[in-house]
Amino acid sequence: MTIIWIIVAIVVVLAVAALLIAASRKRNERRHQEADNIRAKAQEQTSVVEKREALAEETAANARKAQAEAEAKAAEAKRLQVDAQTRQNTATTSRDDLKQEWKRADELDPEVKTTSAASNDARTTDGGPANARTDGTSSTNTHGAHAKPTDTSST
């Protein structure tokens, strides 16, 4: 009878072991299936994430391009400002040189009355006091050599 109990105990132990192995396999199968589901969802999200990355890279490239264009425009604006300042300086210098030429011509002309240095700077085209000749004519009239030319050049 003891042998029967030993055999029954062995059978019970084997049955419990079989149940444990079956439960473990089912649990592993469920886990494997859950992992496959997670992988499938991850695969679906991969294309969405790749599209987002591509869009982010494209946006970054556009930002770099816009930044480069802005820097180029800023450099062009700076160059134009320098060019405008240079032209303004040139125009001012030309105007000063022209005033000096008028003054020199008036100083050389014995028929022009010069009352002061300031009056020479106040030259007008209407024959004001700075341009008055001793004979009562103006040094800026069009019949004389002192006619004031019109500057049409773009300096």
L14: hydrophobic cluster co-members (side-chain, 4.5 Å): I6, I10
Side-chain hydrophobic cluster, 4.5 Å single linkage: members besides I7: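 Members alongside I7: I3, V11.
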Those residues that, when tested against T93, pass side-chain contact (heavy atoms from CB on, under 4.5 Å) (two or more places apart): D97
Listed partners of V13 passing side-chain contact (heavy atoms from CB on, under 4.5 Å), at least two apart: none
For E101, the option from R104, K99, K103 that meets salt bridge (Lys or Arg N to Asp or Glu O under 4.0 Å): R104
Of all pairs that satisfy side-chain hydrogen bond (donor to acceptor under 3.5 Å, both in side chains), the ones with a partner from residues 49-65, not counting sequence neighbours: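 Matches after skipping sequence neighbours: none remain.
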Residue pairs involving residues 8-30 (criterion side-chain hydrogen bond (donor to acceptor under 3.5 Å, both in side chains); sequence neighbours excluded): none
Inter- and intrachain pairs under salt bridge (Lys or Arg N to Asp or Glu O under 4.0 Å), touching residues 32-47, at least two apart: D36-R39
E69: side chain to side chain donor-acceptor pair (under 3.5 Å) partners, not counting sequence neighbours: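 Testing E69 for side chain to side chain donor-acceptor pair (under 3.5 Å), a comparison that skips the adjacent residues, returns none.
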Check: N89/Q85 side-chain N/O donor and acceptor closer than 3.5 Å: yes
Which donor-acceptor pairs under 3.5 Å do side chains of residues 72-84 form with protein atoms, sequence neighbours excluded?
| from | atom 1 | to | atom 2 | distance (Å) |
| --- | --- | --- | --- | --- |
| E76 | OE1 | R79 | NE | 3.2 |
| E76 | OE2 | R79 | NH2 | 2.7 |
| D83 | OD1 | R87 | NE | 3.4 |
| D83 | OD2 | R87 | NE | 3.2 |

